[in-house]
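In what follows, a structure is listed as structure tokens, so that the remarks can point back to it.
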Amino acid sequence: MLKAKSLLLLFIAAATGLTSFAQDAGRKTISLNDQWEFNKENGPVEKVTIPHTWNDKDVLDDAAGYYRGMGIYKRKLKLDETAKGKNIFLIFNGVAQEAEVLVNGKSAAKHIGSYTHFIVPISPYLNYKDDVIEVRANNRFNEDIPPLTADFTFFGGLYRNVTLLITNPVHFSQKENGSNGIFITTPQVSASTASVQVKSSIDNASAVNKKVQVITTIFDAKGNTISNQTTAVNINKGGNMVVIQDIKSVQKPQLWSPENPYLYRVVTKIIDPKTKSVIDQVSNPLGFRWFKFDAEKGFFLNDKAVKIIGASRHQDYENRGNATPDALQIRDIELLKAMGGNFLRVAHYPQDPQILEACDRLGILASVEIPVVNTITESEAFTNNCLNMQTEMIKQNFNHPSIIIWAYMNEILLRLKFSNDKPRQQIYFDHVRQLAQKLDSLTRKQDPSRYTLLVNHGAWDIYNKVGLTKIPMIVGWNLYSGWYSGVPEDFGKFLDRHHKELPNTPFMVTEYGADADPRIRSFSPIRFDKSVEYGIKFNQVYLNAMLSRPFVAGGEAWNLADFNSETREETMPHINNKGLLTIGREPKDTYFLYQAYLLGKPYLKITSAQWKDRTGTADSAALTSTQPVQVATNQKSAELFVNGKSLGVKDAVDHIMDWQVPFVNGKNQLRVVSGDQSDQADINFQLQPFKFNDANIPFKNINILLGSKRFYIDEKEHQLWMPDQPYKAGAWGWIGGDPYKGTNNRITYGSDKNILGTDNDPVFQTQQVGIKQFKFDVPDGEYELALYFAELVGGETKEALAYNLDNNHKKEVEEQRIFDVSINGTAFLPKLNLAADFGYTTAVKKTTRITVQNGKGISIDFNAIEGKPVLNAVQLRKIY
Ligand code: GCB
């Protein structure tokens, strides 16, 4: 046996270039992430490392769509002769979305679906000399594979880890839907005693019958053996055997919970009874916990009421698409934990194995779901793919103590198909219900120890009518009152309605959220302005409503982090900004609000510290500009000091305290104190003079957004933009006109269209329509002036996106718009026709230098030739 062991070491060394290995467990695994060559079909070949996607860049550009087609990955595999006689597998954690694996040009396996993993046995195809693996991945639209449409991007690629697994001919089965062949349950658990059942599926790929022992050992977190069971079995050549081991009476088990995520380790070995050597070995996590959803009282873990509060998570990351490395995946769960969350909705699809391992480790409860989103195809192939994905998801993730729920559908009736043909629509509804029923039954059968969940959007009537609220054990509602429709306060009414009309069905709020673009701030936050401040208000209302109703099992914020959704436009095109973290995982103010609500220990945080570069106009002739500052806390009250001076003590309302702070030009030191808690932040303030002739505040530059109540921070060019004002003598402002309001009913001002040719969309998305004049009463000198324009009306009308619930676009009335712009009486942009000269929704910036003399200041005049003149933004900089 010793000989066999060293041989195994030898050929892996050859395969990888490594020379030392961890303890021999009969099997070996080694990452195959490096040294791949990649090309798009007919495209040039490049060297890549896994994780890799071919869509990291094209999902961010202005051109609609992204490459959805074939990508080919190739890699050499160096195995020497000594590997012969072993069983060799490739483990793919995720390939989007159809995959074919070829070894030396021969097809070894195919797999459907981007989000579950699969294992390919490759021994029969190897030559052990110069083997080549090829993966042909395709992310084209396929009507038989979910997801069909969704508010996220269907990145293509070999985007999760690839591993080589080498086993002996007798090994834990790799044929069980991508699982590791071992399924652990805890048929009975209490604080005093627990039982464990371990089911191991074992393959004997050798040509002889084998007598082996299966030994399962449970270790506690310190590594002490707490139980050991040995089963002797005979496995026929070429056969499979399922070994069931019942481990009774584990005394006083340490329970797993968010506060104490105590993990045991179950090590299952196949042993040669003669030599006692290990033929194969697999480890799995084990947590002892029991749980219950109650329609009246909410959720219980280990008999303790626990309010579920957490977030959903998408797997993509800033500029990387879905090819997110392990460390960043794990960090997401650490950030959720640090926020005080106790639940992760792994949405809308199964994610990297690292995620659930982190949930197990950190004490985050979880649900996982397959990507059946928005709509289905009524084909047998679609149904089978759904059922297969569900099976893969359950089997692959079966042993995670963190998982308490399996889910299978999200907002499936979002856009009603066949609305003009009721009989046909009924057939579709029947199909949807039948598919839900099949998925639910399959799930209950495959795992009776967990709950099933089906997730709806807030259209109460239709989900009840179609019967979808009757199928799952728990109903999920995605609710956006105060975002896509209505006001935040409607949210509580919906919760009460469920409780009243479905009193026996437990439910969770599986989604709620408001977009908060981290670059946008407002003192008058309003629905759809995308300001961080609106996000705070919205989340306060939602958290209060859920926390005060025991029958609500819990809620998951949509979303932990901003994520890519290629079809989205709005202030940050292609990004959904409902994250509590940015897409680069920087906390937004809302993340701090959650900490204030959820963390048990004393908490005090100047949330506005995130807005560390500010601008604003001086209050009258004073040398300060007064603006609000928010502090998130779980303390009753606190005192704020600015540059050492107290601004008084304030009480927290819904975990937020507000102060009006008189900011001085330059650095402002904020310090908040409550008992022995304190926090501080430096805010750099650019003070704009109340009047330009105010000698105390020298004028440098000013950036003004027209038709807007927002502040906008252009982080790339370090420009601070502020809202406009009507003209004030001695200062600046517009004369004439009104703010532009788009045809989208939800928007109070501005447009939600992608502005082409810029990343600073909010600078161009608002405008003053019918403007007559813009004046700066600046002193004599040299200035640079830039005028920003974009034609917001007209152009390609896009179909309203499916996720935009209640999206009532009025028809746009296009008008011919031609106007002259002159500066101090001199023609600057004669006969400007934005649409004709530059195209619709296209960023236009026109810059000039001006000599101001004779105390006349700057006057920009707009003269209508046809239609109404517009101005989107203006920028003035003093040169000398
Ligand atoms: C939803 C969807 C989710 C979207 C979200 C949104 O209801 O389930 O996929 O991303 O709304 O932000 O619109």
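Just the heavy atoms: all of them, side chains too, but no hydrogens, waters or symmetry mates, feed the values below. Both counts, for ligands and for their atoms, begin at 1 and track the order of listing.
The atoms of ligand 1 that sit less than 4.0 Å from any heavy atom of Y484 are 6 (C), 12 (O), 13 (O). Heavy-atom proximity to R568, at under 4.0 Å, picks out these atoms of ligand 1: 6 (C), 12 (O), 13 (O). Atoms of ligand 1 found under 4.0 Å from any heavy atom of F563 (numbered from 1 in listed order, with element): 10 (O). For ligand 1, the atoms sitting less than 4.0 Å from at least one non-hydrogen atom of N576 are 6 (C), 10 (O), 12 (O), numbered in the order shown with element in parentheses. Remark: ligand 1 atoms within the under-4.0 Å shell around heavy atoms of N478 are 7 (O), 8 (O). Per-residue contacts place E411 under 4.0 angstrom from the following atoms of ligand 1 (heavy atoms of the residue considered): 1 (C), 2 (C), 7 (O), 8 (O).
Residue contacts with ligand 1 do not include H314, since none of its heavy atoms lies under 4.0 Å from the ligand. Ligand 1 has no atom lying under 4.0 Å from any heavy atom of H457.
Note: Y480 and W558 fail the aromatic proximity criterion, with ring centroids not under 6.0 Å apart. Taking the six-membered ring for Trp and the full ring otherwise, F152 and H348 have centroids separated by under 6.0 Å.
Of the charged side-chain nitrogens involved, at least one lies within less than 4.0 Å of a carboxylate oxygen, so that D151 and R568 count as a salt-bridged pair. In this structure, D529 does not pair ionically with R710, as no charged nitrogen and carboxylate oxygen lie closer than 4.0 Å.
By the 6.0 Å and 45° rule, R519 does not stack over the aromatic ring of Y712.
For S548, there are no side chain to side chain contact (heavy atoms under 4.5 Å, CB included) partners, not counting sequence neighbours. Every residue two or more places apart in sequence or in another chain that forms a side chain to side chain contact (heavy atoms under 4.5 Å, CB included) with R320 is listed here: Y317, P325, L328.
Of the listed residues (Y480, W558, Y512), the one carrying the non-hydrogen atom nearest atom 11 (O) of ligand 1 is Y480.
Proximity of N410 to ligand 1, defined as any heavy-atom pair under 4.0 Å, is confined to the side chain (atoms from C-beta onward).
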